[in-house]
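Here the structure comes first, spelled out in structure tokens, and everything after it is commentary.
Residue numbers start from 1 in every chain, and the chains themselves are labelled A, B, ... in the order their sequence lines are given, proteins ahead of strands.
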Amino acid sequence: MPELPEVETIRRQLEPRAVGQTIVDAVVLDPLWCAPRPPAEVEEALRGRQITRLGRRGKYLIVELDDERFLVMHLRMTGNFLWVAAADTEERRYLRVRLWLDGGARLEFVDQRRFGTGIVLDGTDALDEYLSSRLGPEPLEPSFTADVLRQTAKGRKAPIKAFLLNQQMIAGVGNIYADEALFRARIHPLKEAGRLKRDEFARLRESIVEVLNEGIQSFGASIDNYRDANGAEGRMQNRFQIHLREGEPCPRCGSTVRKMRAAGRGTYFCPRCQRAPRPARAKVA
DNA sequence: CGCGCAACCTGTCTGC
DNA sequence: TGCAGACAGGTTGCGC
């Protein structure tokens, strides 16, 4: 669930409070979180370190430490990363990792499905290598232009929906925002990525930037598990135009919104606004 | 190399 | 009510 807007929301909320704090103790309760590295190794790397910066790349949250190391986390499907005040003694179910801070508060990684991960990387070279091997351009950077999108998609046969979900093509877009962006750009999810027209790439770039920014402004989308760093729900789910709206009228043309499977994921679209890639054509006699 | 799909893990919902 | 099966927002590895 957590896509770029959700991770950015958490980063922005934690930054003013966490930067400058020292991790006095770290406890990794679930070895799966940092596998194949043993919890003790990660705990030791974090203990005593000051947090100097909080960053984000795609859906990765990056905690910069004062010894040139980085804790790189991914929330995957159900991960939450919470700021917990000292007075809060609640024992959260699915707690995986706990970072005790010198100010008395703590950071808790909570994750029902246990897909979330954390890895400690040594130095900026290792960090850059880790991220750049996995991620394409940042869609909210000015360098993300329609032409970059077009060049990246050139020759690609995969459906545009699969293309958008591929983090090596564009970083940070997930199933929700892919649906929203394609709807707003009026592009069918199954259209071959390399076959989009210039104006479609232009609309798609605009739509991606628009929905991601809207997501950030709305503190992310809470469908099920997502909560921000304060444990609060986001509001972007109230602004969905197409996602999860099967059977409802399309907000643009009134046609009935449909659900299909694309790139192996539930995909919502308007059959009228997002025309099929190869409309069945009557044979010319 | 590109693409599709199963797998990772846990909980919830649907249909029989 | 019980239960098997499908499905859930992400990423990776494997087979073709």
* Which part of the nucleic acid does A:Arg261 contact within heavy-atom distance under 4.0 Å: base, sugar-phosphate only, or nothing? -> sugar-phosphate

* Whole angstrom is fine here: how far is it from CG in A:Asn175 over to P in C:dC7? => 14 Å

* Considering only C:dA8, B:dG4, B:dC9, which nucleotide approaches the side chain of A:Met77 most closely? -> C:dA8

* Asked: Taking atom types as they are modelled, is there a donor-acceptor pair under 3.5 Å from the base of B:dC9 to the side chain of A:Arg113?
  -> yes

* **Distance, rounded to the nearest Å, where A:Ile119 contributes CD1 and C:dT11 contributes C1'** => 14 Å

* Answer with yes or no whether the side chains of A:Glu6 and A:Tyr177 bring together a donor and an acceptor at under 3.5 Å. => yes

* Indicate, with a heavy-atom threshold strictly under 4.0 Å, whether A:Tyr94 touches base, sugar-phosphate, or nothing. => sugar-phosphate

* Asked: Reckon A:Gly155 touches a base, only the sugar-phosphate, or nothing at all at heavy-atom distances under 4.0 Å?
  -> nothing

* Structure fact -> Which of B:dC3, C:dG10, C:dA8 is nearest the side chain of A:Lys259? It is C:dA8

* **SB check A:Asp147 A:Arg150 (cutoff 4.0 Å)** => yes

* Rounded to the nearest angstrom, tell me the gap between atom NZ in A:Lys161 and atom P in B:dC5. => 14 Å

* Asked: A:Tyr94 ring centre to A:Arg92 NZ or CZ under 6.0 Å, with the angle to the axis within 45°?
  -> no

* Asked: Hey, does A:Pro5 reach any base, or is it just sugar-phosphate, or nothing, if we go heavy atoms under 4.0 Å?
  -> nothing

* Hey, is A:Glu138 close enough to A:Arg56 for a salt bridge, meaning N to O under 4.0 Å? -> yes

* To do: Answer with base, sugar-phosphate or nothing: what part of the nucleic acid does A:Arg76 contact at a heavy-atom distance below 4.0 Å?
  => base

* To do: Determine the interatomic distance between C1' on B:dC1 and the same-named atom on C:dG10; round to the nearest Å.
  => 23 Å

* Presence of A:Arg156 side-chain N/O under 4.0 Å of B:dC1 phosphate oxygens OP1/OP2 -> no

* Can you tell me how far P in B:dT10 sits from the matching atom in C:dT1, rounded to whole Å? -> 27 Å

* Take atom CG of A:Asp179 and atom P of C:dG10, then tell me their distance rounded to the nearest Å. => 10 Å

* Asked: According to a strict under-4.0 Å criterion, is A:His74 in side-chain N/O contact with OP1 or OP2 of C:dG10?
  -> no

* **A:Gln167 vs C:dG10: side-chain N/O to OP1/OP2 distance below 4.0 Å** => no

* To do: Rounded to whole angstrom, note down the P distance from C:dT11 over to B:dT12.
  => 24 Å

* Does the side chain of A:Gln237 come under 3.5 Å of the side chain of A:Ser222 through a donor N or O and an acceptor N or O? -> no

* Asked: Contact class for A:Glu6 vs. all strands (heavy atom < 4.0 Å): base, sugar-phosphate, or nothing?
  -> nothing

* To do: Quickly work out the A:Arg134 CZ to C:dG13 P distance and round it to whole Å.
  => 8 Å

* Asked: Using a cut-off of 4.0 Å on non-hydrogen atoms, how would the nucleic acid contact of A:Gly174 be classed: base, sugar-phosphate, or nothing?
  -> sugar-phosphate

* To do: Determine the contact category for A:Ala221: base if any of its heavy atoms lies under 4.0 Å from a base atom, sugar-phosphate if only primed atoms, P, OP1 or OP2 are that close, otherwise nothing.
  => base

* Proximal nucleotide (of B:dC3, B:dT10, C:dG10) relative to the A:Gln112 side chain -> B:dT10

* To do: Indicate, with a heavy-atom threshold strictly under 4.0 Å, whether A:Tyr60 touches base, sugar-phosphate, or nothing.
  => sugar-phosphate

* Find the distance A:Phe115:CZ to B:dA6:P and express it as a whole number of Å. => 15 Å

* Inter-nucleotide P distance (C:dA6, B:dC5), Å rounded -> 15 Å

* **Rounded distance in Å - CZ (A:Arg114) to P (C:dT12)** => 19 Å

* Paired with B:dG4: which nucleotide, if any, by Watson-Crick or G-U wobble criteria at under 3.5 Å for both distances? -> C:dC14

* Asked: What about A:Arg265, does its side chain sit under 3.5 Å from the base of C:dA8 through a donor-acceptor pair?
  -> no

* Are A:Arg11 and A:Glu8 ion-paired here, with the side-chain N under 4.0 Å from a carboxylate O? -> yes

* To do: Kindly check if the number of other-residue, nucleotide or ligand heavy atoms within 6.0 Å of CZ (A:Arg239) is above 12?
  => no

* Round to a whole Å and report the spacing from CG of A:Asn225 to P of C:dA8. => 14 Å

* What is the nucleic acid contact for A:Leu32, judged by heavy atoms within less than 4.0 Å: base, sugar-phosphate only, or nothing? -> sugar-phosphate

